[in-house]
Amino acid sequence: MKIAIGCDHAAYEMKEAVKEKLLREGYEVTDVGCDSTESVDYPKYGHAVGKLVASGEVEKGIAICGTGIGISIAANKVPGVRAGVVHSVETAHWTKNHNDANVLCFGARVVDLDTAFAMVDEWLSTEFAGGKHLRRINEIEDLDF
Ligand code: RB5
């Protein structure tokens, strides 16, 4: 499976660790940056992850900033992206099972690395429930702006 990953400076070290974990497990990882702990602005990294997912170049994306919030807002600007911010294994489960989130977001200032790894594992191994949940995400797609 191909996965895109991106972050800002607040999450650079966590992004590197998550990337290494995914590579060890055999995933193909496209890293859109950032590439150091030097301060950067998160929107372009969330957008870059979202574009790769929406275009089909990768199946899923992971976007990490200090809280996961800013970078998720940026990723969700891309049509077709459903980026969910999670903070626990339980929220990682439900954001796949009910929301079919194709981009997982979390905050390096909010969760520790063990929790981040466990959330990624849970999200990658959980199936979308479909049914009424598919109807609901289709309703989101159809919302007028
Ligand atoms: C950067 O200081 C911080 O604002 C960013 O990482 C993120 O938390 C934004 O939502």
Side-chain angles (χ1 to χ4, degrees), residues 1-34 40-145:
M1 181 191 292
K2 294 182 182 175
I3 300 178
I5 192 165
C7 68
D8 73 357
H9 56 285
Y12 169 70
E13 285 162 2
M14 181 170 279
K15 182 264 289 179
E16 289 294 303
V18 171
K19 179 176 72 176
E20 290 306 318
K21 165 189 161 55
L22 293 170
L23 289 170
R24 275 198 305 276
E25 293 172 354
Y27 293 96
E28 269 186 65
V29 181
T30 301
D31 183 352
V32 303
C34 68
V40 293
D41 297 335
Y42 56 78
K44 78 171 185 179
Y45 301 100
H47 188 251
V49 169
K51 291 280 277 186
L52 286 169
V53 172
S55 70
E57 287 180 62
V58 300
E59 287 171 54
K60 294 181 177 176
I62 296 174
I64 320 169
C65 64
T67 60
I69 297 169
I71 206 160
S72 73
I73 294 171
N76 275 316
K77 290 280 284 187
V78 182
V81 166
R82 290 178 302 282
V85 185
V86 300
H87 60 271
S88 63
V89 170
E90 185 174 5
T91 52
H93 176 84
W94 294 119
T95 203
K96 178 62 189 175
N97 189 256
H98 280 192
N99 313 124
D100 199 22
N102 50 16
V103 177
L104 186 73
C105 301
F106 47 89
R109 293 174 177 161
V110 177
V111 297
D112 62 22
L113 191 56
D114 286 344
T115 304
F117 281 5
M119 294 189 307
V120 168
D121 288 343
E122 183 69 19
W123 174 67
L124 287 172
S125 63
T126 298
E127 298 290 329
F128 176 47
K132 65 187 176 188
H133 301 290
L134 177 60
R135 183 181 72 239
R136 290 167 184 164
I137 65 172
N138 285 338
E139 286 175 20
I140 295 171
E141 291 295 324
D142 292 344
L143 289 172
D144 288 330
F145 294 98

### Message
Whether the side chain of Asn97 engages the backbone of Glu127 through a donor-acceptor N/O pair (distance < 3.5 Å, no angle test) should be reported.
### Response
yes
### Task
State, to 0.1 Å, how close Val78 and Ala54 come at their nearest heavy-atom pair, and which atoms those are.
CG1-CB, 3.6 Å
### Query
Under 4.0 Å between a Lys/Arg side-chain N and an Asp/Glu carboxylate O for Lys19 and Glu16?
yes
### Message
Whether Glu25 and Lys21 form a salt bridge (side-chain N of Lys/Arg under 4.0 Å from carboxylate O of Asp/Glu) is what I want to check.
### Response
yes
### Query
Can you check whether Lys2 reaches Tyr27 side chain to side chain, under 4.5 Å on heavy atoms?
no
### Message
Tell me if a side-chain donor or acceptor on Arg82 pairs with a main-chain N or O of Asn102 at a distance below 3.5 Å.
### Response
no
#### Entry: Donor-acceptor pair, side chain of Ser55 and main chain of Leu52, under 3.5 angstrom
yes
### Message
A quick test of your reading: do over 12 heavy atoms of other residues, nucleotides or ligands sit less than 6.0 Å from NE2 of His133?
### Response
yes
### Query
Is atom CG of Asp41 surrounded by more than 12 heavy atoms (other residues, nucleotides or ligands) closer than 6.0 Å?
no
### Message
With rounding to the nearest 0.5 angstrom, report the OG1 to CH2 distance, Thr91 to Trp123.
### Response
13.0 Å
### Task
Find the distance between CD1 (Ile3) and OG1 (Thr30) and round it off to the nearest 0.5 Å.
9.5 Å
### Query
So which heavy atom on Tyr42 is nearest to which on Cys65, and how close?
CB-CB, 4.5 Å
#### Entry: Val29/Val58 under side chain to side chain contact (heavy atoms under 4.5 Å, CB included): CA gap, chis, key distance, verdict
CA-CA 9 Å; Val29 181; Val58 300; over 6 Å; no
### Query
Is there a donor-acceptor contact under 3.5 Å from the side chain of Asn76 to the main chain of Ala83?
yes
### Task
Could you tell me whether a side-chain N or O of Asp8 sits under 3.5 Å from a main-chain N or O of Ala10, the two making a donor and an acceptor?
yes
### Query
Taking atom CD of Glu59 and atom CE of Met1, what is their separation to the nearest 0.5 Å?
4.5 Å
### Query
What is the minimum heavy-atom distance between Phe106 and Ile64, and which atoms define it?
O-CG2, 3.1 Å
## Note on the structure
Correct closest heavy-atom pair for Val53 and Lys60 would be CG2-C, 3.6 Å
### Query
Are Arg109 and Thr67 side-chain neighbours, meaning at least one heavy-atom pair lies under 4.5 Å?
no
### Task
To the nearest 0.5 angstrom, please state how far the CG atom of Asp100 sits from the CG atom of Asn138.
10.0 Å
### Query
For the residue pair Gly6 and Val49, what are the closest heavy atoms and their distance?
N-CG2, 3.5 Å
### Query
Considering only heavy atoms from C-beta outward, does the side chain of Tyr45 approach that of Cys34 to under 4.5 Å?
yes
### Task
Any chance you could measure Arg136, atom CZ, to Leu134, atom CG, to the nearest 0.5 Å?
11.0 Å
### Query
Is Lys15 salt-bridged to Asp31, going by a charged N under 4.0 Å from an acidic O?
yes
#### Entry: Heavy-atom donor-acceptor pair, Thr115 side chain to Val111 backbone, under 3.5 Å
no
### Query
Counting only heavy atoms not in Lys51, do more than 12 sit closer than 6.0 Å to its NZ atom?
no
### Query
Does a side-chain heavy-atom distance below 4.5 Å link Met14 with Leu113?
yes
### Task
Specify the closest pair of heavy atoms between Lys96 and Phe128, including all atoms of both residues, with the distance to one decimal.
O-CD1, 3.5 Å
### Message
If we ignore hydrogens and angles and just use 3.5 Å, is the side chain of His47 paired with the main-chain N or O of Ala75 as donor and acceptor?
### Response
no
#### Entry: Value rounded to 0.5 Å, distance of CD in Glu141 from CD1 in Ile137
7.0 Å
### Query
Do the side chains of Ile62 and Val120 get nearer than 4.5 Å, heavy atoms only?
yes
### Message
Any heavy-atom pair between the side chains of Val32 and Ile5 that's under 4.5 Å?
### Response
no
